[in-house]
Protein chains: 2
Amino acid sequence: MVQSGGSVTLSDVAREAGVSVATASRALNGSSRTVRPDLSARVAAAARRLDYAPNAQAQAMARGATTMVGLIVHDIADPYFSAIAAGVSRAADDAGLLVMLSNTLGRPEQELRYLKALRAQRGRAAILVGSQRTDRDHSAAVSSEVAAFEHAGGRVVAISQARLPVDTIVIENAAGAGALARKLAEMGHSRFGVLAGPSDLLTARDRHRGFQRGAVDAGCAPPIAVHGAFTRDGGHSAMAQLLDSGCQIDCVFAVNDVMAVGAIAACRDRGLQLPKDLAIAGFDDIATLRDITPSLTTVRLPLTELGKQAMELVTAPPGTAPKRSRVKGTVVIRDSTPAHR
Amino acid sequence: MVQSGGSVTLSDVAREAGVSVATASRALNGSSRTVRPDLSARVAAAARRLDYAPNAQAQAMARGATTMVGLIVHDIADPYFSAIAAGVSRAADDAGLLVMLSNTLGRPEQELRYLKALRAQRGRAAILVGSQRTDRDHSAAVSSEVAAFEHAGGRVVAISQARLPVDTIVIENAAGAGALARKLAEMGHSRFGVLAGPSDLLTARDRHRGFQRGAVDAGCAPPIAVHGAFTRDGGHSAMAQLLDSGCQIDCVFAVNDVMAVGAIAACRDRGLQLPKDLAIAGFDDIATLRDITPSLTTVRLPLTELGKQAMELVTAPPGTAPKRSRVKGTVVIRDSTPAHR
DNA sequence: GATGCATTGGAAAGCGCTTGCTGGGTATGC
DNA sequence: GCATACCCAGCAAGCGCTTTCCAATGCATC
């Protein structure tokens, strides 16, 4: 059935079908040139009989184009990124593209490494997900590698990082956080705390600032901010710090859901009753966390949809100027922030 | 700086350095043949100056080997799979390999499609994660495609599906669930319910059966099982069904954590007090769910570690017979299952 | 000073595929 | 009946790289 010693090649198929490789190629790929139906059928039959799988590398070389897109995320185990990855993967499927997963684990040099690897693969596109840090050197290095990638004919799309001169899906972090703050103020909260994430992470910063502005606009005192890692543990320790500070606070905004969960745990460790003693809100609306108790007030982001949109930018004809599409968050009030007083 | 019109090629570098492509290739890759240090330096400098990135496709063709491994999962948005993916990704990095992500969304035909795509890419290996269904036709088709893949020189490793004649990481689902059942019985629970997942999903079935055996061994009545999807919603509706049945039960085992979360939500919908009115346990120990209330008793699986082990099997020299490594779960008792009576 | 060997650069042959071009065969027009 | 046009199979040239083989050079040895 299958040729011994390595893979079945197109010339095996051609021989089996009694035609030239050129004809076999045209028959299988249906090029602009037509092949007589009977030959075409013979080729198809031969391919099936030999269980032929075209060598994608060779095709890529000959055609000068691959079917690969790279997905570069901070941490695939983080539900935020994995939801986006699911959207990208889904959309890639529909477009007949393959997804290369790259997990930078937050290490900037990894991002560069992957970008370079992707260029080496002549990937059709790279999708960069995750807030960029406000690190000048790294930004410059990424910009330069991105330029090289684009020069080599690849598209680059950024999700949630607006610093690069490429097609970008901007998440309206500040606006979403602001809306949340106003809503919470309206519900009677006035003394806010913010678990603000790392100060050099743009997403965290935007959410923090947006919330702060919203709170102040609504006539509240500026929230008290505590910085910490953008993770569950970061939320936990930031919350602990906030509680230790002895500040009077009736509502805490964690700049993402995962941090909010850490914060909730920290509160419980101290014996606080939630949501009675303290209201807590997050951001993202992570699916896996929709059932926690108390159910978490948050700003919902259409994460899966994001991936889809990114794919659309990737497959769209390249424009002259970088496109920018905006994605809004929706405030979702749940039990973790009951009306105050 | 960069050549106009497409990418920089090795011959560009060679020309720039004033050597032949052969020498340039040898200088950059350090082959068995040595290149005089000064030439080597000239080549390296030229490559840097032109920002050369070797065409991986061309390398793959010439060398007859790629650096790609495929990771085939059911749903990357599911924290179980994304944790494994993180482990794989990490290990792939260390081994200098690239990961192709394939999300089958549970559709068997997608699994085949990906396997074939991976063969077309001449991927070095495929890692199949996730319990196989007990569907004969599909199993046969996968077996055949797996054979083709291996014939083409690729390695195949399965995680948590023991049906394929390939290197496999077996998760001791039955043993883990059995240990959990015994432990719960020891704690005074005796009337068990099981939210059993789809009946044709091996993992679900093994956990269900293991739990059942454990319970019976401990002298309890056979648990009452309700089947449902392997998801949060599946757990929710199975739990609702179980509650509606009016059976007297004091402890429910959901065959995975995500279902357990759905079950908890269903209980709350009915106004049950957890864990007072009912004990609930899960399986997997999903990191994102470690902070839910009540904290969930479960069987911890070293998910990230699994990915790493899979990678080790991939990079290990191929043995004659399929290797089988076993991974145990650890029973973790938390608040959701207090001692009974 | 001639011969042998080690060392190393370069020419060239592929890897498997696509595609422009060539040319034989057939259909059509006068 | 012959010329023109058209159709389509196949030859061959690449795509960018690795690697084998050959040739040239330098050095040691006799």
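Protein chains get the first letters and strands the later ones, always in sequence-line order, with residue 1 at the start of each.
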Roughly, in whole Å, what's the span from [atom1] in [X] to [atom2] in [N]?
{"X": "R36(A)", "N": "dG25(C)", "atom1": "CZ", "atom2": "P", "result": "13 Å"}
{"X": "D12(B)", "N": "dG16(D)", "atom1": "CG", "atom2": "P", "result": "9 Å"}
{"X": "L10(B)", "N": "dC17(D)", "atom1": "CG", "atom2": "P", "result": "5 Å"}
{"X": "Q121(B)", "N": "dG16(C)", "atom1": "CD", "atom2": "C1'", "result": "14 Å"}
{"X": "R63(B)", "N": "dT20(D)", "atom1": "CZ", "atom2": "P", "result": "13 Å"}
{"X": "R122(B)", "N": "dC17(C)", "atom1": "CZ", "atom2": "C1'", "result": "11 Å"}
{"X": "M61(A)", "N": "dA13(D)", "atom1": "CE", "atom2": "P", "result": "17 Å"}
{"X": "Q57(B)", "N": "dC15(D)", "atom1": "CD", "atom2": "P", "result": "16 Å"}

Counting only side-chain heavy atoms from C-beta out, which of [options] sits nearest to [X]?
{"X": "A22(B)", "options": "dC17(D), dT19(D), dG16(D)", "answer": "dT19(D)"}
{"X": "T9(A)", "options": "dC17(C), dC11(D), dT18(C)", "answer": "dC17(C)"}
{"X": "A62(A)", "options": "dT18(D), dC17(D), dT18(C)", "answer": "dT18(C)"}
{"X": "P54(A)", "options": "dC17(D), dC11(D), dC17(C)", "answer": "dC17(C)"}
{"X": "Y52(A)", "options": "dA11(C), dC17(C), dG16(C)", "answer": "dC17(C)"}
{"X": "T34(A)", "options": "dC15(C), dC8(D), dT20(D)", "answer": "dC8(D)"}

dG9(C) base / R33(B) side chain donor-acceptor hit below 3.5 Å: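 When only heavy-atom distances are counted, R33(B) does reach the base of dG9(C) through a donor-acceptor pair under 3.5 Å.
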Quick check: any donor-acceptor pair below 3.5 Å linking the side-chain of R26(B) to the base of dT20(D)? yes
With respect to the phosphate group of [N], does any side-chain polar atom (N or O) of [X] fall under 4.0 Å of OP1 or OP2?
{"X": "N29(A)", "N": "dT18(C)", "result": "yes"}
{"X": "S25(B)", "N": "dT18(D)", "result": "yes"}
{"X": "T23(A)", "N": "dG10(D)", "result": "yes"}

Between [Y] and [X], is the closest basic N to carboxylate O distance under 4.0 Å?
{"X": "E16(A)", "Y": "R49(A)", "answer": "yes"}
{"X": "R90(A)", "Y": "D93(A)", "answer": "no"}
{"X": "E145(A)", "Y": "K116(A)", "answer": "no"}
{"X": "D51(B)", "Y": "R119(A)", "answer": "yes"}

Hey, which of T104(B), I159(B), V146(B), T168(B) is the one that makes side chain to side chain contact (heavy atoms under 4.5 Å, CB included) with L128(B)? V146(B)
Name the residue closer to the 5' end of DNA chain C, choosing between D38(B) and A58(B) according to the nucleotide with the nearest heavy atom.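 That would be D38(B).
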